[in-house]
Structures are given as C-alpha cells and as structure tokens.
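Labels below follow one simple rule: chain letters A, B, ... track the order of the sequence lines, proteins then strands, and each chain is numbered from 1. Side chains included, hydrogens not; waters and symmetry mates left out as well; all remaining heavy atoms used.
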Amino acid sequence: MDHTCFDTAKIDKLQELRERGVTVYPYTFDRRDTVEEIKERFSTIEHDKSEEEVSTAGRVYVVRQHGKTIFADVGDSTGRIQLYLRKNDLGEEQFDLFKQYVDAGDIIGVVGHVFRTKMGEITIWVDRFELLTKSVCPLPEKFHGLKNVETRYRQRYLDLIMNEESRETFRARSRIISLLRQFLFERDYLEFETPTLQPIYGGANARPFTTHHNALDQKLYLRIAPELYLKRLVVGGFDKVFEIAKNFRNEDIDTNHNPEFTMVEVYEAYHDYNDMMNLTEEILGHLAERVLGTTTCSFAGHDLDFSRPWRRLTMEEAVREYAGIDFPAMSLEELHAFGLEHCVEGCESAATRGEYLVLFFEHFGEKHLIQPTFIYDFPIENSPLAKKHRSKEGLTERFELFIAGMEMANGFSELNDPLDQKARLEQQDAKRRKGDLEAQMIDYDFINALGYGMPPTGGVGIGIDRLVMLLTGKDSIKEVLLFPQMKTAVPGQNGDKAEEGDGEE
RNA sequence: GGGCCUGUAGCUUAGUUGGCAGAGCGACGGACUCUUAAUCCGUAGGCCAAGGGUUCAAAUCCCUUCAGGCCCGCCA
C-alpha cells in the first residue's frame with residue numbers, strides 16, 4: 001500500500017516538465033534579497049517600477065490567473081510578497097510555463113522590479129522566474145489552512161508551511177534558548193555535553209528508557225537527567241557549568257509531559273540554594289522581559305506577573321497558608337487524621353512527617369501557586385541528592401519554582417557529603433529493589449567523585465518546554481515541541497508487529 | 001488506570017423523529033492584462049476511521065477496535 005500523498009495531476013505535470021527539458025529540481029539559485037528586505041527597502045515605492053532589480057525565492061502560496069497576467073503570492077521565512085507576471089514581459093513560452101505548471105506549493109526563484117499596485121500592494125514585477133522545486137503533494141486550503149491538530153503534530157512541516165502562528169511559536173522557542181545561553185555565557189558559565197547513553201541512570205526519580213549496546217553487550221539507559229555527570233565536572237574543577245539537554249522519561253504523555261523534554265541544568269560552586277533561587281529568578285525574569293517585552297503575560301486564563309522579587313515560602317508555610325494547619329506542632333497521629341479527614345491522596349500509606357508534608361503541600365498548595373512562587377525546605381525523604389538543611393531537622397535545602405500551577409524549576413544546595421550520599425542512594429536502591437520503579441540506582445563512581453571532594457555547590461534545573469509554554473501562551477507542551485511524541489501512524493512501519501505490517505510493497 | 005469529546009473528498013466543513021452524502025476552497029478543462037479568500041462557466045473526486053450488530057433502510061442507534069484532543073489519577 002502506498003502511504004504517500006503524491007497527487008497524480010502534479011506527478012503528470014512533473015513528467016511533462018521533464019519532457020520539455022525543464023530541470024525540475026535544480027541545485028541553486030542566486031537569491032540576493034529576502035522578502036522582508038524587499039518590503040523594507042521599497043516601503044515608500046509608488047506605482048512606477050523600481051530602477052533596482054531584485055531577486056528572491058520562496059514557496060508559492062496562491063496563484064491568481066487573469067488571462068494574460070498572473071498574480072501569485074510567494075513566501076520565505078521572513079514573510080510573503082506578491083508577484084505580477086505579464087505575458088508581454090515574460091514571453092509566451094515562460095508565461096505559459098508558469099500558467100500551466102507552477103502551482104501553490106512549488107518553490108520558485110524570481111528576478112524583477114518592485115512597484116506598488118493600484119490596490120496599494122508592494123509587488124514584484126517579474127522579468128524572469130525559475131522553478132526551483134516542484135511540489136507533488138497538495139497544499140491545504142488557502143483560507144482556512146491546516147487546523148486538524150493531529151495532522152499539525154504529525155506533519156509539522158505542513159503546519160509550519162501553513163500557519164504563521166506556529167512559525168512564530170518556534171521562532172520564540174529558538175530565541176528563548178539562545179537568550180538563555182547568552183545569559184549564562186555572559187556570566188562565565190561553561191556549557192558541556194554529558195552522556196545521553198548512561199550505564200547507570202540517576203539525577204531524578206523517574207522510569208528510564210532502556211537500550212542495549214551490541215559491541216559492549218551491555219544494557220544502557222537514556223538519561224533521565226544529566227545531574228550526576230555535571231556534578232562530576234564540578235568535582236573536576238569547573239566551578240560554573242551548565243547543559244541544555246534532552247532528558248528521557250518513560251512515563252505518560254499529557255499536556256505538560258512528553259517522554260523527551262528539554263532541561264537546562266546549572267551548577268555553581270560556592271553557592272547554595274538561596275543563590276540558586278536568585279539565579280533562577282534572574283534568568284526567568286530576564287527571559288520574560290526580553291521575550292515578552294514586559295513583565296506580565298496571560299497564560300491559561302491567568303494574568304502572570306514576573307516582576308521581581310518573587311514570593312518565597314517554605315513548604316511548611318505553604319501548608320499553613322493553604323491547608324490552614326500548624327504542621328510542626330502536630331503529632332504524627334494528628335497528621336494522619338487530618339489527611340484522612342480531607343481525603344488527601346496517599347495518606348493511607350504515609351509513615352513519616354516528611355511524607356505528610358509533601359502530600360499536604362501537593363493536595364492543598366500546588367494548584368494555588370499561580371504567580372511565580374518558590375517553595376523551599378523539602379523533606380529529606382524524597383530529596384536524595386539535596387543537602388541536609390543547615391538548621392532544620394528532617395529537611396533539605398531544596399526548592400521548586402511554581403508558575404501557573406506548573407513545576408518550572410527544581411534546585412538545591414547539592415549534597416556533597418559522600419558518606420551521606422552513599423547512605424541515601426543505598427536507601428533509594430533498596431526501594432527500587434522492592435519495586436519502586438522510580439527510585440534511583442546507586443552510582444558508585446558518582447559517590448567516589450564526591451569522595452574526592454566537591455566544593456559546596458548550588459544547582460538548579462529549569463524545564464525549557466514549560467518555560468516556552470509560558471512565554472508563548474501555549475497551554476499544551478505539544479504546541480511548543482516541533483515533533484511531539486505520537487503513536488506510529490502506520491502499524492508495523494517501525495518494525496513493531498512486523499507480521500501485521502504491509503511494508504512489502 | 002477512570003471519565004468526557006472528536007474522526008465525513010487533498011483541506012475547511014454541513015448533514016436528527018434513521019430515508020439517494022452536500023458545500024466552499026483545492027484539482028482538472030475553458031474565459032479574463034492591477035488581482036489579492038479574484039471573478040465567471042464546466043468536469044472529476046467519498047467503503048462517512050476500521051470491524052461487527054439492530055433495522056425494510058445506518059454517516060446517523062448499539063458494541064468492539066484504532067487514532068487524536070481535554071480532564072482526573074499516576075509522574076517526589
């Protein structure tokens with residue numbers, strides 16, 4: 001079975017063009033001007049044709065034929081412009097070539113002069129044109145465009161061809177990442193690349209993707225975080241490091257989650273979690289100001305305000321505020337009773353004060369955290385890589401940033417006591433062996449690295465995809481991922497269930 | 001894992017007491033030398049996501065499956 005979208009009429013035209021000796025897929029074109037440059041340079045042009053010649057190229061979006069003249073709109077990555085072709089000027093052969101064989105979707109190069117039509121539109125009066133690529137698939141409708149979200153995600157190229165809004169979103173994404181790099185470079189952080197294929201995964205609690213290296217005959221995991229490798233670099237003497245990395249987590253897909261997603265992780269020696277909260281605030285505040293041009297934006301029905309400083313609450317304070325209880329004063333029995341009374345999920349199996357604290361925070365607090373808010377001082381139970389709090393028993397120096405109810409960043413004073421780290425990873429490993437699929441493995445090489453001595457270090461990870469969502473106003477992660485993960489459209493196409501496949505054509 | 005919703009021509013879609021599957025754009029043929037969702041005349045294009053059931057009759061009602069969207073759970 002044929003899974004192509006090739007259109008027979010277009011294929012026929014392509015064959016006819018070849019028979020006429022036209023090179024349908026030539027190799028290059030001397031494009032000297034972008035659409036944007038032309039529109040700027042001739043913004044004040046009147047009806048008379050320019051002296052100056054322009055040459056540009058792009059995709060044909062619409063063709064309007066009028067007998068012996070043709071209007072067409074072409075677009076490149078900078079915008080769209082109208083073309084005007086006349087039989088008198090092009091000559092019969094060229095004009096008929098355009099008339100019969102150039103369709104919406106084709107890519108052409110044109111040379112001509114600029115003028116303004118009676119209707120006031122800046123237009124290229126075409127002296128000659130060249131077919132640069134013949135499109136053999138039909139373009140969606142010119143007015144309504146491509147709306148179907150599944151097609152927009154599965155055939156993102158088509159979405160980008162048709163929808164300026166999508167192009168704008170991904171331009172913003174590129175700009176956000178570029179500004180982030182620039183911000184960190186300007187402050188002397190070094191960017192490194194650490195392994196994506198890891199023999200031992202770590203740095204987060206999540207289920208990994210597994211794979212196998214044939215030559216080593218060994219199991220490998222796709223990283224769930226770069227954390228443990230970046231800390232090795234701090235041990236090695238790089239004081240300020242970061243990595244913008246894809247992480248992979250074998251978990252469910254929804255509006256906030258994709259199995260592969262982009263994080264920036266930053267580590268800085270001689271800093272603690274307070275410094276990292278400040279840094280996070282600076283980075284995100286800076287990006288918001290540069291991308292939005294202001295400190296406010298609207299997201300999923302909320303008016304967000306990024307003006308600094310941002311609110312900071314300990315987790316206990318958040319529970320006091322949103323659950324209305326004096327957590328530290330309550331006994332374990334009282335906590336248990338309170339949890340059951342309010343139907344807090346997970347309370348049946350909770351055993352420690354720390355577990356109750358997290359459960360209550362998630363149940364009562366998280367959804368209220370609309371404006372940028374740091375929550376800090378997390379229980380030690382679920383923070384195996386964070387340093388024990390300098391003064392509060394049972395807590396760690398860990399923070400998370402919440403915006404619009406989403407977890408945006410996670411950081412801590414990094415645990416650098418190798419004995420403590422060994423003990424905590426052993427606890428994690430025990431949980432993992434008991435069936436906790438998200439508990440961490442023991443990475444003895446990482447523990448040994450700490451054994452050589454890691455300076456006091458602060459670290460933070462910021463979710464780039466969610467940040468792009470905020471700054472572009474998109475409330476689904478799929479709208480900010482060029483190629484969101486989807487189920488294979490054609491059964492058997494990827495080698496799964498080969499017997500059902502029809503790939504033998 | 002639970003709930004709600006969607007799937008009709010290449011695209012955007014109409015289609016209820018169940019009664020011949022329609023339109024616009026696009027495509028194809030024709031007319032037209034300042035149009036811009038060009039206009040005008042004509043033609044072709046559909047296993048109504050797939051499978052099963054109810055019925056004289058199913059795009060429409062029921063069941064199953066597939067794909068997608070949204071919400072909840074899970075994801076510390």
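- Note: CE (A:Met162) to P (B:U12) measures 10 Å, nearest angstrom.
- If you find the closest nucleotide of RNA chain B to A:Leu146 and to A:Lys10, the one lying nearer the 5' end belongs to A:Leu146.
- Side-chain contact of A:Glu243 with A:Tyr229: a donor-acceptor pair under 3.5 Å is absent, judged by distance alone.
- When the P atom is used for both B:U65 and B:G22, the distance is 33 Å, rounded to whole Å.
- A donor-acceptor contact closer than 3.5 angstrom is absent between the side chains of A:Asn247 and A:Glu260.
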Apply the test salt bridge (charged side-chain N to carboxylate O under 4.0 Å, His left out) to residues A:Glu438 and A:Arg249: give CA-CA distance (whole Å), side-chain angles for both, the deciding distance (0.1 Å), then the verdict. CA-CA 10 Å; A:Glu438 276 132 26; A:Arg249 299 187 184 175; over 6 Å; no
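- Partners of A:Glu400 by side-chain contact (heavy atoms from CB on, under 4.5 Å), not counting sequence neighbours, listed by chain and number: A:Phe378, A:Arg398, A:Phe402, A:Glu407, A:Asn410.
- Taking atom NE2 of A:His144 as the reference point, atom P of B:G26 lies 12 Å away to the nearest angstrom.
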Check nucleotides 8-10 of chain B against the protein and report each pair of N or O atoms closer than 3.5 Å, with its distance, or say if there are none.
none

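- Contact annotation for A:Lys13: backbone-only contact, meaning every heavy-atom pair under 4.0 Å involves sugar-phosphate atoms and none involves a base.
- A side-chain donor-acceptor contact under 3.5 Å links A:Glu355 and A:Thr352.
- Rounded to whole Å, the separation between the P atoms of B:C41 and B:A57 comes to 42 Å.
- For the pair A:Ile161 CD1 and B:C11 C1', the interatomic distance rounds to 13 Å; values are reported in whole Å.
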Table of protein N/O atoms under 3.5 Å from nucleotides 70-76 of chain B N/O atoms:
residue	atom	partner	partner atom	Å
B:C71	OP2	A:Thr255	OG1	3.1
B:G73	N1	A:Asp252	OD2	3.4
B:C75	O3'	A:Glu438	OE1	3.4
B:C75	O2'	A:Glu251	OE1	2.5
B:C75	O2'	A:Glu251	OE2	3.1
B:C75	O2	A:His257	NE2	2.7
B:A76	OP2	A:Asn205	O	2.0
B:A76	O2'	A:Glu362	OE2	2.9
B:A76	N7	A:Asn382	O	2.4
B:A76	N7	A:Arg398	NH1	2.5
B:A76	N7	A:Arg398	NH2	3.1
B:A76	N6	A:Arg398	NH2	2.7
B:A76	N6	A:Asn410	ND2	3.3

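- Taking atom P in both B:C56 and B:A14, one finds a spacing of 32 Å when rounded to whole Å.
- In the set B:U35, B:G68, B:U12, B:U12 carries the atom at the smallest distance from any side-chain atom of A:Lys147.
- The base of B:U35 sits with one of its N or O atoms less than 3.5 Å from a complementary donor or acceptor on the side chain of A:Gln82.
- Look at CZ on A:Phe71: it is 16 Å from C1' on B:A37, rounded to the nearest Å.
- For B:G51, the paired nucleotide is B:C63, the pair qualifying as Watson-Crick or G-U wobble because both relevant distances are below 3.5 Å.
- As the counterpart of B:C74, no nucleotide is assigned, since no Watson-Crick or G-U wobble pattern has both distances under 3.5 Å.
- Across all strands shown, A:Phe115 has heavy atoms under 4.0 Å from base atoms, whether or not it also approaches the sugar-phosphate.
- Within the cation-pi definition used here (under 6.0 Å to the ring centroid, within 45° of the axis), A:Arg86 does not qualify as a partner of A:Phe95.
- The same atom, C1', is picked in B:U16 and in B:A58; the two are 13 Å apart, to the nearest Å.
- OP1 or OP2 of B:G68 has at least one side-chain nitrogen or oxygen of A:Arg154 nearer than 4.0 Å.
- Salt-bridge annotation for A:Glu121 and A:Arg116: absent, with no side-chain N of the basic residue lying under 4.0 Å from a carboxylate O of the acidic one.
- Comparing B:U33, B:A27, B:G69 by their closest approach to the side chain of A:Val149 singles out B:G69.
- Separating the P atom of B:C66 from that of B:A50 is a span of 15 Å, rounded to the nearest Å.
- In this structure, A:Lys231 pairs ionically with A:Glu414, as a charged nitrogen and a carboxylate oxygen lie closer than 4.0 Å.
- Per the geometry, CZ belonging to A:Arg116 stands 15 Å off P belonging to B:U35, to the nearest Å.
- Taking atom P in both B:A9 and B:A23, one finds a spacing of 14 Å when rounded to whole Å.
- The same atom, C1', is picked in B:C72 and in B:U12; the two are 32 Å apart, to the nearest Å.
- With the nearest nucleotide of RNA chain B identified for both A:Asp7 and A:Val62, A:Asp7 has the one nearer the 5' end.
- In this pair, A:Tyr84 and A:Phe115 present their aromatic rings tilted. The plane angle is within the 30 to 60° band.
- B:C4 is paired with B:G69 under the Watson-Crick or G-U wobble criterion, all donor-acceptor distances under 3.5 Å.
- For the pair A:Arg156 CZ and B:G68 P, the interatomic distance rounds to 15 Å; values are reported in whole Å.
- A:Tyr273 and A:Phe399 have tilted rings, their planes meeting at an angle from 30° to 60° on a 0 to 90° scale.
- In this structure, A:Arg64 atom CZ and B:C34 atom P are separated by 13 Å, rounded to whole Å.
- Residue A:Lys487 has its side chain nearest to B:G68 when only B:U36, B:C28, B:G68 are considered.
- As the counterpart of B:A21, no nucleotide is assigned, since no Watson-Crick or G-U wobble pattern has both distances under 3.5 Å.
- The partner of B:A27, taking Watson-Crick or G-U wobble pairs whose two distances both stay under 3.5 Å, is B:U43.
- The interatomic distance linking A:Gln65 (CD) with B:G29 (C1') rounds to 12 Å, in whole Å.
- Side chain to side chain, A:His336 and A:Tyr356 meet the donor-acceptor criterion of an N or O pair below 3.5 Å.
- Side-chain atoms of A:Gln82 and A:Thr123 form a donor-acceptor pair, as typed in the model, at a separation below 3.5 Å.
- One P atom belongs to B:G26, the other to B:C11, and the distance between them is 15 Å to the nearest Å.
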